[in-house]
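Below: one structure, written as structure tokens.
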Amino acid sequence: MSLSDEIQRRRTFAIISHPDAGKTTLTEKLLLYGGAIDRAGSVKAREGGAAAHSDWMSIEQERGISVTSAAMQFEYHGRAINLLDTPGHQDFSEDTYRALTAADAVVMLLDCAKGVEEQTKKLFRVANERKLPIFTFVNKLDRPGREPVELIDEVEELFGLHAVPMTWPIGSGTDFKGVYVRATGQIQVFERAKAGQKARVAGKGGLDDPEIAALLTPAELQQLKDDVDLMDHVLPSFDREAFLRGEQSPMFFGSAVNNFGVAEFLEEFLELAPAPGPRPLMNGGEVGPEQPFTAFVFKVQANMNKAHRDRVAFARIVSGKFDRGMDALHVREKKSIKLNYPHMFFGRERQIVDEAYPGDILGLINPGLFRIGDVLSAAGPIEFHAVPRFSPEQFASVRLADPGARKGFLKGLSQIAEEGVVQVFWPKGGAPLPILGAIGRLQFEVLQHRLKDEYACPVLLEPRGFQMARWLEGGWPEPSKFWGELVEDTEGNPAILFENDWQRRTTAEKSPGLVFLEHPAKKRP
């Protein structure tokens with residue numbers, strides 16, 4: 001198969017949502033319908049059920065939350081699908097933002113009762129800034145919820161995005177019977193299946209099919225005909241070019257937990273979602289997918305396999321064919337490296353691959369060589385737009401439960417910090433232990449859990465009153481002209497921690513020769 005053919009059959013996407021909208025459940029069901037697993041795992045393992053395949057950390061399996069992005073590839077109907085399951089909790093939004101840099105499309109998941117929630121708004125803005133085509137999947141139709149038209153209006157009002165229904169629900173709550181597929185005019189009436197299994201189709205046909213009339217009540221069938229008339233004469237029709245421009249979002253309805261509407265969504269998603277395309281460069285140019293090999297690291301993860309204690313860098317291939325053992329320029333390090341041990345992942349499971357193509361996610365064994373944002377290139381030094389990094393809003397000091405474990409603590413902290421779980425600041429006075437920064441408090445809990453579970457190094461964290469970090473350009477402020485605490489990050493960049501915005505403004509006014517940045521300036525390769 002040619003490079004062009006391999007590119008065209010790939011689909012790389014991320015799922016975003018507010019917590020508890022059913023994101024991990026939908027991910028599992030897409031894997032189920034894609035044939036990648038035999039039985040979907042529940043988000044929380046109950047009655048001996050399997051834990052979700054994408055939630056591989058012990059803390060995820062214990063608490064039933066996703067705290068890190070998971071990359072999984074599977075084949076379905078001749079397509080190679082790269083699925084990025086992202087954290088929904090706002091405390092881990094940095095990980096989601098980085099995952100979105102590796103996606104070519106986004107599935108925005110909504111709870112049918114709650115509609116658009118706060119975290120969904122934030123993630124939508126990031127996806128929109130990247131000009132990613134956005135699908136909308138309205139979930140939990142097995143529970144009472146809002147009317148479809150109300151949800152369509154809400155998406156348009158909040159996002160300026162025309163939501164175009166591609167499927168339409170028949171009933172809701174306990175009366176949710178199935179979906180109408182707009183493109184084919186076919187109705188799918190479902191039977192409830194056992195947990196973790198594919199939904200069984202009780203009947204399939206058009207609006208006037210006797211088989212459908214036998215499965216729906218007269219009132220349900222009439223309501224559906226009225227809804228179809230509304231779609232055909234009032235709601236806009238789907239325009240793929242408008243969708244790719246970010247002006248329309250195809251909307252689907254279903255229940256991931258019952259598998260209703262999932263297969264119908266997957267089928268149309270594969271036809272509508274874009275294949276990997278060109279990616280812009282910092283200098284204003286772009287790299288097309290058929291150009292020589294390039295890739296960038298958007299995620300680093302330690303201890304995915306505790307037996308090996310290894311670190312993995314996840315790299316999105318932007319262009320060209322990847323061959324195992326090939327040489328590529330590590331742009332930041334300005335040296336050629338040999339890529340001998342590439343993996344593809346399915347949750348924690350891994351498999352060495354001999355070749356890969358644009359859109360694929362490679363896992364590269366990382367002996368401290370790779371950082372988030374690093375570029376690999378067979379086409380000379382290039383620079384893609386930076387992978388997002390955010391200024392922390394929560395801070396804590398560290399105290400070791402065992403003072404003699406400092407060496408192990410520093411190793412574990414360094415590896416976990418590489419992933420972006422926390423940011424590490426060393427007080428300028430030379431304190432023996434750092435101050436940690438994070439977007440949300442739950443990140444600190446993850447750090448504590450992982451240091452104890454993966455490095456046998458329990459720690460105590462004490463909250464600090466700082467609210468923001470600002471990196472400095474132009475030197476350090478004079479002793480009498482600053483408020484806050486002077487620190488350095490792990491790369492030696494000078495910064496200052498402030499307790500409030502008044503401290504920041506006052507320090508800036510007294511130090512006009514300094515520039516205060518929300519994140520460290522990216523160093524040119």
Side-chain angles (χ1 to χ4, degrees), residues 8 11 13 15-16 26 30 77 79 103-110 112 115-116 120 124 127-128 130-139 141 145-172 176-190 201 204-209 212 216 220-255 260-275 277:
Q8 290 304 312
R11 301 290 184 267
F13 72 103
I15 302 177
I16 61 173
L26 178 62
L30 293 175
H77 288 191
R79 307 281 193 185
D104 295 319
V106 164
V107 176
M108 179 170 66
L109 187 65
L110 305 181
C112 72
V116 179
T120 314
F124 169 84
N128 194 46
R130 283 215 57 235
K131 303 186 185 306
L132 293 172
I134 297 172
F135 294 82
T136 302
F137 188 92
V138 180
N139 193 27
L141 266 294
R146 294 157 62 183
E147 291 295 325
V149 171
E150 184 181 347
L151 295 168
I152 290 170
D153 289 342
E154 183 175 49
V155 169
E156 183 167 351
E157 179 181 342
L158 291 176
F159 300 142
L161 191 66
H162 296 292
V164 181
M166 308 299 283
T167 63
W168 194 268
I170 304 170
S172 65
F176 181 40
K177 299 287 184 65
V179 295
Y180 170 83
V181 182
R182 192 176 182 186
T184 62
Q186 291 292 294
I187 298 165
Q188 300 268 21
V189 179
F190 302 115
V201 178
K204 179 179 179 179
L207 284 170
D208 299 318
D209 197 308
I212 297 300
L216 301 179
E220 289 171 337
L221 185 57
Q222 186 57 51
Q223 181 63 55
L224 178 58
K225 290 180 177 180
D226 293 342
D227 292 339
V228 171
D229 188 62
L230 172 73
M231 282 191 287
D232 290 343
H233 295 95
V234 178
L235 299 179
S237 57
F238 179 71
D239 181 335
R240 189 167 188 271
E241 293 304 314
F243 159 62
L244 295 175
R245 291 195 302 267
E247 298 168 5
Q248 284 190 357
S249 175
M251 179 179 275
F252 300 81
F253 294 86
S255 168
F260 290 4
V262 175
E264 291 71 24
F265 162 72
L266 182 57
E267 294 282 348
E268 293 212 42
F269 169 83
L270 294 178
E271 293 301 317
L272 300 178

Indicate the atoms forming the closest heavy-atom contact of [X] with [Y], along with that distance.
X      : Y      : answer
Thr136 : Ser249 : OG1-OG, 2.8 Å
Arg11  : Ala273 : NE-O, 2.9 Å
Ala127 : Val106 : CB-CG2, 4.0 Å
Phe252 : Glu264 : CE2-O, 4.4 Å
Glu268 : Ala183 : OE2-CB, 4.1 Å

Could you tell me if the side chain of [Y] sits less than 4.5 Å from the side chain of [X], heavy atoms only?
X      : Y      : answer
Val179 : Phe176 : yes
Ile187 : Val189 : yes
Pro250 : Val164 : no
Leu110 : Val155 : yes
Glu156 : Leu161 : no
Leu151 : Val116 : no
Pro133 : Pro274 : yes
Pro165 : Ile152 : yes

Item to check | salt_bridge(Arg130, Asp104) N-O dist < 4.0 Å | outcome: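 Salt bridge between Arg130 and Asp104, a charged N being under 4.0 Å from a carboxylate O: no.
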Within this structure, what is the [atom1]-[atom2] distance for the pair [X] and [Y], rounded to the nearest 0.5 Å?
X      : Y      : atom1 : atom2 : value
Gln186 : Leu207 : CD    : CG    : 9.5 Å
His77  : Leu270 : NE2   : CG    : 8.5 Å
His233 : Leu230 : NE2   : CG    : 10.5 Å
Leu30  : Ile15  : CG    : CD1   : 5.5 Å

Next on the checklist: Under a plain distance cut-off of 3.5 Å, with no hydrogens placed, do His162 and Gln248 share a side-chain donor-acceptor pair?
Outcome noted: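 Side-chain D/A pair, Gln248 to His162: absent.
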Next on the checklist: Taking salt bridge (charged side-chain N to carboxylate O under 4.0 Å, His left out) as the definition, give me every residue that meets it alongside Arg79, ordered by chain and number, with sequence neighbours left out.
Outcome noted: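 Arg79 satisfies salt bridge (charged side-chain N to carboxylate O under 4.0 Å, His left out) with Glu271 only.
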Item to check | Residues forming a salt bridge (charged side-chain N to carboxylate O under 4.0 Å, His left out) with Glu220, sequence neighbours excluded | outcome: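 Per chain and number, Glu220 pairs via salt bridge (charged side-chain N to carboxylate O under 4.0 Å, His left out) with Lys177.
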Next on the checklist: Apply side chain to side chain contact (heavy atoms under 4.5 Å, CB included) to residues Val181 and Met166 and explain how you reach the verdict.
Outcome noted: CA-CA 6 Å; Val181 182; Met166 308 299 283; over 6 Å; no
Next on the checklist: Can you tell me how the ring of Phe135 sits relative to the ring of Phe269, calling it parallel under 30°, perpendicular over 60° and tilted otherwise?
Outcome noted: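 Rings of Phe135 and Phe269: tilted, 30 to 60°.
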Next on the checklist: Ring-plane angle category for Phe124 and Phe159, please: parallel below 30°, perpendicular beyond 60°, tilted otherwise.
Outcome noted: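 Phe124 vs Phe159 ring planes: parallel.
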Checklist entry - Given Asn139 and Leu26, is the side chain to side chain contact (heavy atoms under 4.5 Å, CB included) satisfied, shown in steps? => result CA-CA 9 Å; Asn139 193 27; Leu26 178 62; 5.6 Å; no
Checklist entry - How about Lys225: does its NZ atom have over 12 heavy atoms from other parts shown lying under 6.0 Å from it? => result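 Buried by this count: over 12 neighbours within 6.0 Å.
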Item to check | side chain to side chain contact (heavy atoms under 4.5 Å, CB included) evaluation trace for Phe253 with Ile170 | outcome: CA-CA 10 Å; Phe253 294 86; Ile170 304 170; over 6 Å; no
Donor-acceptor list for residues 234-244 side chains, cut-off 3.5 Å, not counting sequence neighbours:
from   : atom 1 : to     : atom 2 : distance (Å)
Asp239 : OD1    : Glu241 : N      : 3.0
Asp239 : OD1    : Ala242 : N      : 3.3
Arg240 : NE     : Leu272 : O      : 3.1
Arg240 : NH2    : Leu272 : O      : 2.8

Checklist entry - Would you say the side-chain atoms of Arg182 pair up with the backbone N or O of Thr167, donor to acceptor, closer than 3.5 Å? => result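 Side chain of Arg182 to backbone of Thr167: no pair is present.
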Item to check | Test log, rule side chain to side chain contact (heavy atoms under 4.5 Å, CB included), inputs Tyr180 and Leu224 | outcome: CA-CA 8 Å; Tyr180 170 83; Leu224 178 58; 3.9 Å; yes
